[in-house]
There are 2 protein chains.
Amino acid sequence: MGREERKRPATLRTVARSAGVDVSTVSRVLNGSPEDAARAASRETAEAIREWAARLDYRPNPHAKSLRTQRSNLVGVLVPRLSDVVLATIYEGVEDAAAGHGLATFVMNSHDRPAEQRARTELALSRRVDGLVLGDAHHDGVFAGELAERGVPFVLVSRHAGEHPAVTCDDYRGGRLVAEHFLALGHRRAAVIAGEPFASTGIDRTAGFADRYREEGLDVASVHSGFDTVGGHRAAEQLLAADPRPTALFAVNDFAAIGALGAVRDAGLRPGADVAVAGFNDIPLAAELPVPLTSVRSPMHEMGRRALELLVTVLDGQHPESQRLEPELQVRASTAGQEIVTR
Amino acid sequence: MGREERKRPATLRTVARSAGVDVSTVSRVLNGSPEDAARAASRETAEAIREWAARLDYRPNPHAKSLRTQRSNLVGVLVPRLSDVVLATIYEGVEDAAAGHGLATFVMNSHDRPAEQRARTELALSRRVDGLVLGDAHHDGVFAGELAERGVPFVLVSRHAGEHPAVTCDDYRGGRLVAEHFLALGHRRAAVIAGEPFASTGIDRTAGFADRYREEGLDVASVHSGFDTVGGHRAAEQLLAADPRPTALFAVNDFAAIGALGAVRDAGLRPGADVAVAGFNDIPLAAELPVPLTSVRSPMHEMGRRALELLVTVLDGQHPESQRLEPELQVRASTAGQEIVTR
DNA sequence: CTGAAAGCGCTTACAG
DNA sequence: CTGAAAGCGCTTACAG
């Protein structure tokens, strides 16, 4: 064991010598397009080259290739936190799609802090990524604007900002879906746990929800919060203290909703029976909770895939349209009017 | 916007010309060690070079550097699933530590499938990573053995296999801690939801638990399961069907434990009151559940950090010892003997 | 169909 | 203290 025993990998030159041809021929046959390969060598020569390449376990050196072509086939991905299952799942989608394009990705956490966003982006750029997928855009669009100004190819995912190409869930529509569900259940006093004010997800989900209630002539209280359980718990406490107290709570993400469930219980109320609670994203855990959580399913993996595909078109010089994917309401016991035992 | 507007970044040559010196001098001043830099140019020359570099926003081209030095400063990380918060958190630790060494990391999912482990590893190797951090080792050690055979530098994290350098939690000890806790509560009939049979985590946690019970002359039933909620639910159902039924369940990870909580409820029993349930890892959610989950805290982030540090010593040609980090039992309502409202 | 040459942007002995 | 040169492993006009 130990690097000392690793022998140098085969190079174009190694296989060229073995096959008795020039390196340029080997390059065309092995790494060129099919047409290139076809006109670069006779069938037999090509055959021989491929055989030697296999025997010597030749693998193109990506550094040499990138240096020469000025293309790294690397894309940088920025997320607030990878340990958030929503972002991790989106990233899995990005990675899947990237593999299909021969691209490698690397992720970094920005913790939603502008200084870190900048630092991580510069790091990616100094690593010569071909482009970026940003999952942590702030709604003000300042940072994205700077990148666009500099001509850096990028797309946004999960959150949109300004007019930059983005793949998101139709969060506004998702918010409306929850409002309609609540209204159908007869809830006239509803409130929103709105998440961070800089994220378009929370903004749009809240707006869709509030607009639908407004159409019925009803106002909804809303309070900002962290996207985590603790934030949701606190926000729910605050909202439940109102008089008259709301009978339904919409948290703009599932972790905040789980916190809200706790707050409802702490107030001596039964989630589902006394206070309806709905979340957003439909993470796998939502269905497994003791009181299964009603949630809006957002196609996280698919969003990631599409974002990467969108980036590919940007790298191709196009100026693609943003995409909004359809959300879907999953009704469960937390809004069912009575407690239902899981499964 | 668009890549057409991006101007070529400054190179060593650009700044050399501006400063009126040779590229080799610039290289030594900018990218060499402090001593190199000192003896490469007079203070004024060095000063001038640095000034020009800053003005031109010079950043060393990593591909050229890697090509020349045969070192990529890249490490590949393999995990079963990044959307598992345990692995995501470990990865965050790896990444943090890597940044401190000027290394970049990229993660890939293997889904615990040998074919994917191999494919992803080959991909990483063809990208010329300097080394690997494997979070998905199988206990048989076959794959790790092959890598060692080939002289590929790597370390294991979270799970160990064979004698390969690994950073893990002391899982055996963690299992014992739970057993001791259960015994102190008077539970004589306990059972284990043991996880996948190929993971050292589940194996060791189960062994530690069972050994401690055996010391009291007691046997424990155990059944393998997936590491997810569904797997835990099924396994718990099976265990609870025994006659006499166990009064305490130890699930080797928190998601399986959450599934077990559901199964306990479905059986008309109260978690904590009728059946004690404990998990492992102490994910953030554990404390936020309606019945907060007793769990063994494993230092996930720290494990990731240490694994990277260990890899650095391996890359340095050393043959370091494996490390086992201390687990810590967090007692909560799910084993408290009575239901306690969250927070 | 095939080859010879230049060059991507670095580092590092070698010389002075 | 500083420079000139070679070379890492590729790709791609240019020639034939």
Side-chain angles (χ1 to χ4, degrees), chain A residues 6-50 52-53 56-73 102 126-128 130, chain B residues 6-50 52-53 56-73 102 126-128 130:
Chain A
R6 278 176 100 181
K7 50 180 188 312
R8 282 282 199 72
T11 68
L12 233 35
R13 169 153 28 201
T14 328
V15 355
R17 274 212 244 276
S18 302
V21 296
D22 190 78
V23 294
S24 57
T25 305
V26 180
S27 171
R28 289 187 271 250
V29 169
L30 256 27
N31 303 333
S33 66
E35 309 92 70
D36 271 6
R39 81 172 63 103
S42 65
R43 281 205 347 111
E44 303 106 51
T45 315
E47 194 75 352
I49 289 173
R50 275 189 254 272
W52 274 108
L56 298 171
D57 193 23
Y58 168 75
R59 310 188 202 189
N61 182 312
H63 305 121
K65 182 170 194 156
S66 296
L67 179 58
R68 182 54 232 244
T69 60
Q70 306 283 358
R71 240 217 177 233
S72 63
N73 293 318
S126 68
R127 289 251 163 208
R128 302 298 198 272
D130 291 333
Chain B
R6 278 176 99 181
K7 52 180 188 310
R8 281 281 200 73
T11 67
L12 233 35
R13 169 151 31 198
T14 329
V15 355
R17 274 214 246 276
S18 302
V21 296
D22 190 79
V23 294
S24 57
T25 304
V26 180
S27 172
R28 288 187 271 248
V29 169
L30 257 27
N31 304 332
S33 66
E35 309 92 69
D36 272 6
R39 83 171 62 101
S42 64
R43 281 206 348 111
E44 303 107 51
T45 315
E47 194 75 353
I49 289 172
R50 274 189 255 272
W52 273 108
L56 298 171
D57 194 24
Y58 169 74
R59 311 189 201 188
N61 183 313
H63 304 121
K65 183 169 193 155
S66 296
L67 179 58
R68 180 55 232 244
T69 60
Q70 306 284 356
R71 242 219 176 229
S72 63
N73 292 318
S126 67
R127 289 252 162 207
R128 302 298 199 273
D130 291 334

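Everything numeric in this text was worked out from a predicted model, so none of it was measured.
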Starting from [atom2] on [N], measure out to [atom1] on [X] and report it in whole angstrom.
X	N	atom1	atom2	value
A:L56	D:dG9	CG	P	14 Å
A:L12	C:dG3	CG	C1'	14 Å
B:L67	C:dT12	CG	P	13 Å
B:R71	C:dG9	CZ	P	24 Å
A:E44	C:dC1	CD	P	10 Å
A:R39	D:dT11	CZ	P	16 Å

Self-check item: Runs of at least three consecutive pairs that involve DNA chain D, where pairs are Watson-Crick or G-U with distances under 3.5 Å
Solution: C:1-3 with D:14-16, C:5-12 with D:5-12, C:14-16 with D:1-3
Quiz prompt | Nucleotide nearest A:T25 when distance is taken to its side chain, options D:dC10, D:dG3, C:dT2 | solution = C:dT2
Self-check item: Residue list, side-chain hydrogen bond (donor to acceptor under 3.5 Å, both in side chains) with B:T45, at least two apart or on another chain
Solution: B:S42
Quiz prompt | CZ on B:R28 to CG on B:L12, rounded to 0.5 Å | solution = 10.5 Å
Exercise. Give, for atom CG of A:N31 and atom OH of A:Y58, the distance between the pair rounded to the nearest 0.5 Å.
Key: 4.5 Å
Can you give me the closest heavy-atom contact between [X] and [Y], atom names plus distance?
X	Y	answer
B:A16	B:D22	CB-C, 3.9 Å
A:L30	A:R50	CD1-CG, 4.0 Å
B:L56	B:A10	O-CB, 3.6 Å
A:D130	A:R71	OD2-NH1, 3.3 Å

List the residues meeting side chain to side chain contact (heavy atoms under 4.5 Å, CB included) with [X], not counting sequence neighbours, and say none if there are none.
X	value
A:R39	A:E35, A:D36
A:T11	A:R13, A:T14
B:R59	A:E122, A:L125, A:S126, A:R128, A:R150, B:D57
B:S66	A:H63, B:S72

Self-check item: 5'-most by nearest nucleotide on DNA chain D - B:T45 or A:A10
Solution: B:T45
Quiz prompt | B:Q70 vs D:dG9: side-chain N/O to OP1/OP2 distance below 4.0 Å | solution = yes
Practice problem: Ignoring backbone atoms, establish whether B:R13 has a side-chain N or O less than 4.0 Å from OP1 or OP2 of C:dG7. | Solution: no
Quiz prompt | Members of residues 16-23 of chain A that approach DNA chain C, where some heavy atom sits under 4.0 Å away | solution = A:V21, A:D22
Self-check item: Pairwise side-chain contact, A:R68 with B:L67, heavy-atom cut-off 4.5 Å (strictly under)
Solution: no
Look for any protein N or O under 3.5 Å of an N or O in nucleotides 13-16 of chain C and output each such pair with its distance, or none.
from	atom 1	to	atom 2	distance (Å)
C:dA13	N6	B:R28	NH1	3.0

Scan [X] against the nucleic acid and name what it touches under 4.0 Å (heavy atoms): base, sugar-phosphate only, or nothing.
X	value
A:S66	nothing
A:S42	sugar-phosphate
B:S27	base

Quiz item: Backbone N or O of B:K65 within a donor-acceptor pair of the B:T69 side chain at under 3.5 Å?
Solution: yes
Self-check item: Strand contacts (DNA chain D) in residues 57-65 of chain B, 4.0 angstrom heavy-atom criterion
Solution: none
